[in-house]
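A short worksheet on the structure shown next.
Basis for what follows: all heavy atoms, side chains included, without hydrogens, waters or symmetry-related copies. By convention in this document, chain letters (A, B, ...) are assigned in the order of the sequence lines, proteins followed by strands, and residues within each chain are numbered from 1. Bear in mind the structure is a predicted one, so any value in this text is a computation, not a measurement.
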Protein chains: 2
Amino acid sequence: MAAEQQQAGGSVWTRPQRPRREQPALSREQIVAAAMELLDAEGIDALSMRKLGTRLNAGATSMYSHVANKDELIELVVDEVYGEIATQDPAEASDWRTEVTTVAQSLRQAFLRHPWIASVLGQVGMSSLGPNLLRLSEQMIGALETAGFSLAEAERGMNTVSSYVVGLASTEAAWLTVLARSGQSQQEWVDAFWPAALQAVQAFPRLSRLYAAQSEGFDVDSNRVDSFSDGLECILDGLEARLRRAAE
Amino acid sequence: MAAEQQQAGGSVWTRPQRPRREQPALSREQIVAAAMELLDAEGIDALSMRKLGTRLNAGATSMYSHVANKDELIELVVDEVYGEIATQDPAEASDWRTEVTTVAQSLRQAFLRHPWIASVLGQVGMSSLGPNLLRLSEQMIGALETAGFSLAEAERGMNTVSSYVVGLASTEAAWLTVLARSGQSQQEWVDAFWPAALQAVQAFPRLSRLYAAQSEGFDVDSNRVDSFSDGLECILDGLEARLRRAAE
DNA sequence: ACGCCCTTGCGCACACTGTGCGGAGCGCCG
DNA sequence: CGGCGCTCCGCACAGTGTGCGCAAGGGCGT
């Protein structure tokens with residue numbers, strides 16, 4: 001610490017180098033950005049106000065002038081994640097399916113870029129009403145409404161799609177978090193866990209067959225993205241069906 | 001504390017009432033059950049090992065003989081929640097759609113009975129491989145496979161449905177948690193938040209129309225269950241479509 | 001029958017958390 | 001130039017998960 005400085009000098013100059021009002025030295029944006037870095041680098045457990053403070057060359061409680069709570073801070077960071085997703089230019093009006101698919105894929109990838117978000121969504125919920133989330137909602141509802149759905153139908157469709165994306169991406173992200181915490185490579189982790197999984201599953205015939213089939217190697221990652229796209233298209237098929245049904 | 005007892009008596013009798021080996025006095029099941037009670041009653045923030053200990057007339061660290069971690073404890077409680085869902089008797093082989101729907105609805109209701117689960121799923125993931133979760137997976141895959149899907153298709157279908165259920169129920173449960181923490185009634189909370197929501201949304205035309213339409217009252221709860229069932233049927237429609245497509 | 005060991009529960013302690021409070025430095029307005 | 005207010009920070013408090021070592025008995029070897 002700076003203990004020796006305090007002992008050497010008087011209390012007058014102990015921290016003269018603190019550049020008080022040249023610029024506020026701490027801003028909401030900086031805090032949110034630093035929190036995002038910390039979360040991406042070390043995960044949710046490493047985010048403490050003290051660590052965030054030191055990373056900003058500030059005290060532990062200095063952020064409370066700009067942010068009410070740790071919870072509010074987290075809400076802000078979450079919306080920042082949503083902010084990474086660009087809304088499409090409405091000029092290039094493409095197929096509604098590709099438009100919805102684009103948003104969904106971007107959302108998934110944003111979640112996988114910031115896996116800590118899974119551990120946080122259950123506390124913050126989608127209820128935070130941050131501007132970026134609202135923007136995404138507006139776009140998706142817009143795509144569905146111009147496709148021919150009523151406004152209420154469009155909202156339900158959006159809820160269905162986004163629930164699917166959030167649910168699946170959360171599971172994936174949680175898995176990534178566990179993986180990261182274990183410190184092993186993906187292959188190591190799978191190898192280590194596979195026997196236990198096989199044994200846990202052996203009382204269930206279909207799961208056993210499934211796991212056995214998956215044993216004879218296949219690419220885990222590519223299967224995952226296929227699986228995501230497949231489920232998404234399944235939902236879109238369901239939506240398209242009711243669109244056609246309404247048109248007749 | 002029991003300080004005066006120690007001062008008054010010798011250290012010999014300070015805790016003679018502890019019934020050492022008459023019965024183990026603490027079991028995994030008891031611990032999990034008590035944790036569930038505590039979680040249901042006071043939510044995730046109230047679950048600490050100390051509180052759990054006092055509730056079991058035990059010390060704070062006495063559970064660590066039966067449970068490795070707090071995390072492991074939470075995994076156990078989560079699987080206990082899945083355990084509340086009964087698997088259907090395979091004898092009465094009904095329509096695959098109603099079978100899947102039954103599981104999905106039960107899952108949703110279990111989540112809403114224990115809203116704290118939302119804040120926990122992102123840390124534990126579905127990756128815990130607890131026996132009850134496996135049982136549910138087996139049933140759902142079974143329903144899909146006997147309906148005519150291949151094993152791999154059945155797994156993907158299950159993933160799609162369960163991701164949807166988990167995602168949506170998590171959002172709802174998170175909302176319930178926020179509501180409970182606020183201490184207000186649902187109506188009070190909505191009334192208090194509505195102006196802010198309207199203002200946040202006013203930059204987005206479609207969301208504004210949507211919220212305005214929802215302002216002229218309708219039953220929030222019934223709309224929610226309708227919305228859930230609607231999205232679920234949408235997914236099932238999509239699945240059924242590929243079943244028919246494969247049959248041709 | 002007696003003494004030893006080994007399991008099991010628990011008190012203590014440590015490092016760490018979020019955050020309320022009061023004070024201190026600085027810029028700005030009157 | 002004096003007072004006000006906004007930021008920033010050190011301190012302190014209550015509370016957390018959990019590692020460590022001790023104590024108390026039941027079960028077993030002799």
Practice task
Please report how far the helix from C/dA1-D/dT30 to C/dG30-D/dC1 bends, comparing the axis fitted to its first five pairs with the axis fitted to its last five, to the nearest 10 degrees.
Solution key: 10°
Heavy-atom side-chain proximity of [X] to [Y] below 4.5 angstrom:
X	Y	result
A/Lys70	A/Leu47	yes
A/Glu138	B/Pro205	yes
A/Trp116	A/Asp40	yes
A/Ser170	A/Leu121	yes
B/Arg181	B/Thr177	yes

What is the distance from [atom1] of [X] to [atom2] of [N], rounded to the nearest Å?
X	N	atom1	atom2	result
A/Met63	D/dC9	CE	C1'	11 Å
A/Leu73	C/dT17	CG	P	15 Å
B/Tyr64	C/dC10	OH	P	14 Å
B/Asn57	C/dG11	CG	P	12 Å
A/Ile74	C/dT17	CD1	C1'	13 Å

Problem - Side-chain N or O of B/Asn69 closer than 4.0 Å to phosphate OP1/OP2 of D/dG17 - result: no
Problem - Below 4.0 Å: OP1/OP2 of D/dC6 and any side-chain N or O of A/His66 - result: no
Problem - B/His66 and B/Gln30: side chain donor to acceptor below 3.5 Å - result: no
Handout entry: Donor + acceptor pair across side chains of A/Arg135, A/Asn132 (<3.5 Å)
Key = yes
In terms of side-chain heavy atoms of [X], which of [options] is nearest?
X	options	value
B/Ser62	C/dC10, C/dT19, D/dT18	C/dC10
A/Ser65	D/dT7, C/dG20, C/dG18	D/dT7
B/Ala58	D/dG17, D/dT7, C/dC10	C/dC10

Practice task
Give me the residues of residues 39-52 of chain A where at least one heavy atom lies under 4.0 Å from an atom of DNA chain D, by number, or none.
Solution key: A/Arg50
Handout entry: Backbone N/O of A/Gln199 and side chain of A/Tyr211: donor-acceptor pair under 3.5 Å
Key = no
Practice task
Give me the ring orientation class for A/Trp189 and A/Trp175: parallel if the planes are under 30° apart, tilted from 30 to 60°, perpendicular past 60°.
Solution key: perpendicular
